[in-house]
Amino acid sequence: MHLSSVKDKTATAHRADIAALNYKMDSEPSFLRTLFSLILVSSLLDSVLSEVDACPDTKTGLESLLPSTMSIQNASIESVYGIMFDAGSTGTRIHIYSFTQKYSDQLPELEREIFESVKPGLSAYADLPEQGAETIRGLLEVAKNAVPSSHWRKTPVVLKATAGLRLLPEKKALALLSEVKDILEESPFLVPDNSVSIMNGTYEGILAWITVNFLTGQLYSQSKQTVGILDLGGASTQITFLPQSEETLEQSPLDFITSFKMFHTTYKLYTHSYLGLGLKAARLATLGALGTGGESGFKSCYAEVLRVVAGKLHRVDEMKESTFYAFSYYYDRAADTNLIDYDTGGILEVRDFERKAIEVCDHMEGFTSSSPFLCMDLSYITALLKEGFGFKMTTPLQLTKKVNNVETGWSLGATFLVLQSLRISN
Ligand SMILES: Nc1nc2c(ncn2[C@@H]2O[C@H](COP(=O)(O)OP(=O)(O)O)[C@@H](O)[C@H]2O)c(=O)[nH]1
Ligand SMILES: [Ca+2]
């Protein structure tokens with residue numbers, strides 16, 4: 001696998017942070033080389049759609065596992081592309097995926113992802129919807145360079161907004177989405193019905209779980225040993241895992257459990273999106289609680305952030321024994337404080353976050369070049385994991401931004417759904 005040039009990651013907050021990750025997956029483990037998993041994922045998504053309360057953007061449902069033309073025999077050799085915009089509360093990202101079908105008797109394979117992000121997110125333009133939509137235009141240029149013009153007309157482009165827009169007054173959110181839709185429609189790409197929407201949190205958690213378990217090969221390993229996901233956004237935080245114990249299934253709130261069938265096996269996922277418990281939302285809640293008299297030192301900071309999470313999250317004992325991948329702000333803050341390698345991530349225990357929070361909060365003079373919120377953020381992450389979700393201090397977390405150089409998060413899972421629901425065969 002080779003990486004083409006990846007621009008210097010020293011992008012400023014407002015400059016597009018270009019991280020074009022082109023790579024071939026020739027040397028990737030076989031599981032990534034076939035679309036067998038895509039079939040699996042689409043059957044998964046098919047039943048997810050049938051089971052999950054239809055959220056705004058899921059009317060496109062899947063009538064069948066695969067479009068009739070997606071059979072091995074008559075597959076033709078060509079490339080398929082999908083463009084997914086992730087309109088997050090702190091930034092907008094574009095994921096351009098390409099699938100290549102090499103041999104007519106083989107299923108297409110996931111070939112590469114091109115990823116780019118811009119800040120701030122759409123919700124920062126709540127009163128300037130035209131300007132907000134303009135940030136999409138710039139990212140569309142990346143897609144035009146990445147997708148051959150011969151494929152533009154059959155390459156779907158979709159934008160899904162998350163908690164940032166969920167927290168906006170509906171009228172402002174809809175005004176932003178309407179401007180974005182106009183820009184997508186001016187583009188040369190295929191703009192499906194429902195191409196621009198606010199995704200509900202249940203879907204956000206499930207699709208991230210599908211993405212990570214697809215990329216790590218768990219979705220179709222014989223062991224069925226899947227991994228859980230922890231996603232800490234700016235406005236919301238998601239947790240999703242596959243419970244092993246009946247007790248979890250029976251004792252969890254009904255809207256935390258979503259079931260779907262996957263090749264004769266019924267999976268019941270535990271998933272929830274906590275709106276308002278994202279990192280930036282928590283900062284506002286903490287500062288609001290502090291009023292003007294900001295305090296210093298880990299003990300007082302921890303006491304304040306604890307008030308934000310106390311009693312707000314559902315706990316499940318078996319989480320303590322499950323394997324979790326953690327990304328977004330969990331990853332960013334661990335990388336910012338050298339707890340993990342910026343590019344390759346790493347495995348941390350919950351107590352590593354607490355130790356770093358104590359170090360930063362009790363020695364702020366040593367961290368003047370970092371974000372002024374570093375102490376609060378690390379304290380919040382510790383409180384969220386330990387007192388919120390109830391993880392053990394020794395629970396290991398796999399901090400991961402990319403798996404096989406594909407970004408973790410909900411976008412790949414969402415793209416599978418779009419390709420299948422549009423019956424875009426090979
Ligand atoms: N590398 C990478 N970082 C991401 C991605 N999605 C979110 N993040 C990071 O996660 C943090 C906040 O997530 P965001 O999606 O804006 O908030 P949300 O709308 O509440 O989910 C920011 O630091 C982002 O840089 C992604 O696909 N790739
Ligand atoms: Ca997000």
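Excluded from the calculations below are hydrogen atoms, water molecules and symmetry mates; all remaining heavy atoms, backbone and side chain alike, are included. Each ligand, and each atom within it, is numbered from 1 in the order the structure gives. Just so you know, these numbers come straight off a predicted model, no measurement behind them. Numbers here are sequence positions counted from 1.
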Hey, would you say the Phe389 and His314 ring centroids sit under 6.0 Å apart? no

Any donor-acceptor N/O pair, Asp362 side chain to Phe298 backbone, under 3.5 Å: yes

What part of Asp86, side chain, backbone, both or neither, has a heavy atom within less than 4.0 angstrom of ligand 1? side chain

The closest protein heavy-atom partner of atom 23 (O) of ligand 1 is Asp332 OD2, 2.4 Å

Taking distance alone, with N or O pairs closer than 3.5 Å, would you say Phe115 contacts ligand 1? no

Evaluate the pair Cys301, Cys375 and indicate whether the two SG atoms are within a distance below 2.5 Å. no

Please state which part of Thr90 comes within less than 4.0 Å of ligand 1, counting heavy atoms only: side chain, backbone, both or neither. both

Within the structure, does at least one protein heavy atom fall under 4.0 Å of atom 3 (N) of ligand 1? no

Out of Ala87, Ser328, Ala335, the nearest non-hydrogen contact to atom 8 (N) of ligand 1 is supplied by Ser328

How far is atom 17 (O) of ligand 1 from its nearest protein heavy atom, and which residue and atom name does that atom have? Gly234 N, 2.8 Å

Taking the ring centre of each residue, are Tyr81 and Phe189 less than 6.0 Å apart? no

Measuring from the heavy atoms of His95, does anything fall under 4.0 Å of ligand 1? yes

Less than 3.5 Å apart, any donor N or O on the side chain of Gln238 or Thr240 sitting next to an acceptor on the other? no

Which of the numbered atoms in ligand 1 are below 4.0 angstrom from a heavy atom of Gly233? 12 (C), 13 (O), 17 (O), 18 (P), 20 (O), 21 (O)

Can you report which non-hydrogen protein atom sits closest to atom 24 (C) of ligand 1, along with the distance? Arg93 NH2, 3.6 Å

Could you tell me whether Lys312 atom NZ has more than 12 heavy atoms of other residues or ligands within 6.0 Å of it? yes

List the closest protein heavy-atom neighbour of atom 20 (O) of ligand 1: residue, atom name, distance to the nearest 0.1 Å. Ala235 N, 2.8 Å

Pairs of nitrogen or oxygen atoms closer than 3.5 Å, one from Lys401 and one from ligand 1: do any exist? no

Per-atom contacts of ligand 1 with Thr162, taking only distances under 4.0 Å to non-hydrogen atoms: 18 (P), 19 (O), 21 (O)

Test side chain to side chain contact (heavy atoms under 4.5 Å, CB included) applied to Met319 and Phe324, step by step: CA-CA 9 Å; Met319 275 184 208; Phe324 278 87; 4.1 Å; yes

Taking only non-hydrogen atoms of Ser236, do any sit less than 4.0 angstrom from ligand 1? yes

Look only at the side chain of His363 and the backbone of Glu359, and say whether a donor-acceptor pair between them is shorter than 3.5 Å. yes

Is any N or O atom of Gly88, backbone or side chain, closer than 3.5 Å to an N or O atom of ligand 1? no

Can you tell me if Ser117 uses its side chain to pair, donor with acceptor, with the backbone of Thr92 under 3.5 Å? no

For atom 28 (N) of ligand 1, closest protein heavy-atom neighbour: Glu407 OE1, 2.8 Å

Would you call the rings of Tyr270 and Phe241 parallel, tilted or perpendicular, taking 30° and 60° as the class edges? tilted

